[in-house]
Student: 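Dropping the structure in here first, questions after.
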Amino acid sequence: MKPISESRSATPLLGIVLTLGACASFSVLDAGAKYVGAALPLLMALWLRYALQTSLTLSYGLFRHGLKVFCTAHWRFQLVRALLFCLSNACAMMSLRSLPLAEFTAIVAMTPLAMTLVAALWLRQRVSPLRWVLVALGFTGTLIIVRPGGTAYSGAALLWPLLQLAANTSYQIVSSRMAGKEKPLTTQIYTSLFALLLTSFSLPWIWTASAPLSSPAMLAGIAAMGVGSAIGHLLMLKAYEYAKPATITPYLYSQILFAAMAGWLLYRHIPDQWAVMGMLIIALGGALSAWLTVRESR
């Protein structure tokens, strides 16, 4: 078996292609979540997503590795990761009730820059002055998109995206702290399983028999959530086998473009000039952050 470092350096172009496919899949997920989350109770919508996502991910894991895919020595890590995953997904679905797809995706794209802030303030890691500039740049882009106090978004429309950003940042930090200690596919399976179990406890109280589950639009939305999430995460796992994180990171911002396309095709929403400016600023800050990571590692 080749070392991960060798496989990563072998075909970085394939890693980039897989990353673009993952970003497109996540946009499909968000498009489905926007529709389903607006029509169903929150926990019911999350359970439907996790049920399909877990079935697909678990089937793939068993096919590739058999029962060995369940081997883990970090149960507490898996549970904490799943809790943060559920919290992030819940906030995301609430955000999508009021935010268009592209604007929401741009705010989520702030996660790598927010991790820099946490690394400095909580983990006490040294952060260069240029990185602080990039963090400020990213937050400026977010403020331009949501324009607090303006007519575009207010109240809960601002609260939920910020909570989602905090939850997703915590989720990514927990994941990065455990990198290399677990098989990525094993971690993904346990995250899906625990998320499904956690939301299953609420079913007797939140399941709505009158929900339009059999309508073609609802079935398509549920399929988009489950399939988009499962395929997106699996493609990202494979992408990191072929390319280094610093190579992949700039291409993660393609999800903003995919989200804008999905928002236009499905919801006929076109971001205004201020939103586009904010998205470009966030993408620029993230791309420069990836370049700086490569430079600092030399």
Side-chain angles (χ1 to χ4, degrees), residues 22-58 77-101 103-112 114-115 156-176 184 187-203 205-207 211 218 221-237 252 255 258-259 262:
C23 289
S25 299
F26 289 141
S27 295
V28 171
L29 155 66
D30 290 338
K34 183 173 179 64
Y35 180 82
V36 177
L40 300 179
L42 177 63
L43 291 176
M44 183 177 175
L46 288 175
W47 184 88
L48 289 167
R49 168 190 167 173
Y50 296 147
L52 183 54
Q53 175 183 336
T54 301
S55 299
L56 295 173
T57 306
L58 187 58
F77 151 69
Q78 303 289 3
L79 182 57
V80 169
R81 189 175 189 268
L83 284 168
L84 291 171
F85 183 68
C86 288
L87 181 59
S88 176
N89 294 162
C91 292
M93 199 165 283
M94 293 299 294
S95 300
L96 286 167
R97 290 181 177 181
S98 54
L99 279 176
L101 284 171
E103 284 85 338
F104 165 76
T105 303
I107 295 173
V108 175
M110 267 292 300
T111 299
M115 289 175 68
L158 296 179
L159 176 63
W160 289 114
L162 294 177
L163 288 176
Q164 197 279 336
L165 178 61
N168 193 42
T169 299
S170 301
Y171 168 78
Q172 296 297 340
I173 288 175
V174 169
S175 300
S176 65
T187 294
Q188 194 56 44
I189 285 176
Y190 275 111
T191 297
S192 299
L193 279 172
F194 281 142
L196 180 60
L197 289 174
L198 288 169
T199 51
S200 293
F201 290 127
S202 65
L203 285 184
W205 294 275
I206 54 87
W207 191 269
M218 182 61 66
I222 295 170
M225 288 195 303
V227 176
S229 181
I231 293 180
H233 283 102
L234 290 175
L235 287 177
M236 282 307 304
L237 291 178
L252 293 175
Q255 189 175 340
F258 287 124

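Computed from a predicted model, the values in this text were never measured in an experiment.
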Student: Got Ser175 and Tyr171 here, is their nearest side-chain heavy-atom distance under 4.5 Å?
Tutor: yes
Student: For Tyr50 and Ala195, work out which heavy atoms get closest and say how close.
Tutor: CD1-O, 3.5 Å
Student: Got a sec, which residues hit side chain to side chain contact (heavy atoms under 4.5 Å, CB included) with Ile189, two or more places apart in sequence or on another chain?
Tutor: Thr57, Leu58, Val69, Phe70, Leu185, Leu193
Student: Checking Tyr190 now: which residues fulfil side-chain hydrogen bond (donor to acceptor under 3.5 Å, both in side chains) with it, not counting sequence neighbours?
Tutor: none
Student: Once ring pair (Phe, Tyr, Trp, His ring centres under 6.0 Å) is applied, do any residues pair with Phe26, and if so which ones, sequence neighbours excluded?
Tutor: His233
Student: Is there side-chain contact between Asn89 and Met93, with heavy atoms separated by less than 4.5 Å?
Tutor: no
Student: For Thr169, which residues count as a side-chain hydrogen bond (donor to acceptor under 3.5 Å, both in side chains) partner, sequence neighbours excluded?
Tutor: none
Student: So, does Thr54 use its side chain to make a donor-acceptor pair with the main chain of Ser192 at under 3.5 Å?
Tutor: yes
Student: Under the side-chain hydrogen bond (donor to acceptor under 3.5 Å, both in side chains) test, which residues partner Ser200, sequence neighbours left out?
Tutor: Trp47
Student: Could you walk me through whether Leu165 and Val108 pass the side-chain contact (heavy atoms from CB on, under 4.5 Å) test, one step at a time?
Tutor: CA-CA 6 Å; Leu165 178 61; Val108 175; over 6 Å; no
Student: Are side-chain N/O atoms of Gln53 and Ser229 paired as donor and acceptor at under 3.5 Å?
Tutor: yes
Student: Does Leu196 offer a backbone N or O that forms a donor-acceptor pair with the side chain of Thr199 under 3.5 Å?
Tutor: yes
Student: What pairs with Phe77 under ring pair (Phe, Tyr, Trp, His ring centres under 6.0 Å), at least two apart in sequence or on another chain?
Tutor: none
Student: Output the distance between atom CG (Asn168) and atom CG (Leu87), rounded to the nearest 0.5 Å.
Tutor: 10.0 Å
Student: Looking only at non-hydrogen atoms, find the nearest pair between Trp205 and Phe201 and report the distance.
Tutor: CZ3-O, 2.9 Å
Student: Please round to the nearest 0.5 Å and tell me the distance separating atom CD of Gln188 and atom CG of Leu234.
Tutor: 7.0 Å
Student: Identify the heavy atoms of Leu252 and Cys23 that sit nearest to each other, and give their distance.
Tutor: O-SG, 3.5 Å
Student: Going by the rule side chain to side chain contact (heavy atoms under 4.5 Å, CB included), which residues pair with Leu235 if we only count those two or more places apart in sequence or in a different chain?
Tutor: Leu18, Ala22, Ser25, Ile231
Student: Do Met225 and Leu52 come within less than 4.5 Å of each other through their side chains, counting heavy atoms only?
Tutor: no
Student: Please list, one pair per line, the donor and acceptor atoms closer than 3.5 Å that link side chains of residues 28-43 to other protein atoms, with sequence neighbours excluded.
Tutor:
residue: Lys34; atom: NZ; partner: Leu96; partner atom: O; Å: 2.6
residue: Lys34; atom: NZ; partner: Leu99; partner atom: O; Å: 3.0

Student: Tell me every residue that passes side-chain hydrogen bond (donor to acceptor under 3.5 Å, both in side chains) with Ser88, counting only those two or more places apart in sequence or in another chain.
Tutor: Gln164
Student: Working to the nearest 0.5 angstrom, can you tell me the gap between Ile206 CD1 and Met44 CE?
Tutor: 6.5 Å
Student: Holding to side chain to side chain contact (heavy atoms under 4.5 Å, CB included), I want the full list of residues that pass it with Leu198, two or more places apart in sequence or in another chain.
Tutor: Leu83, Cys86
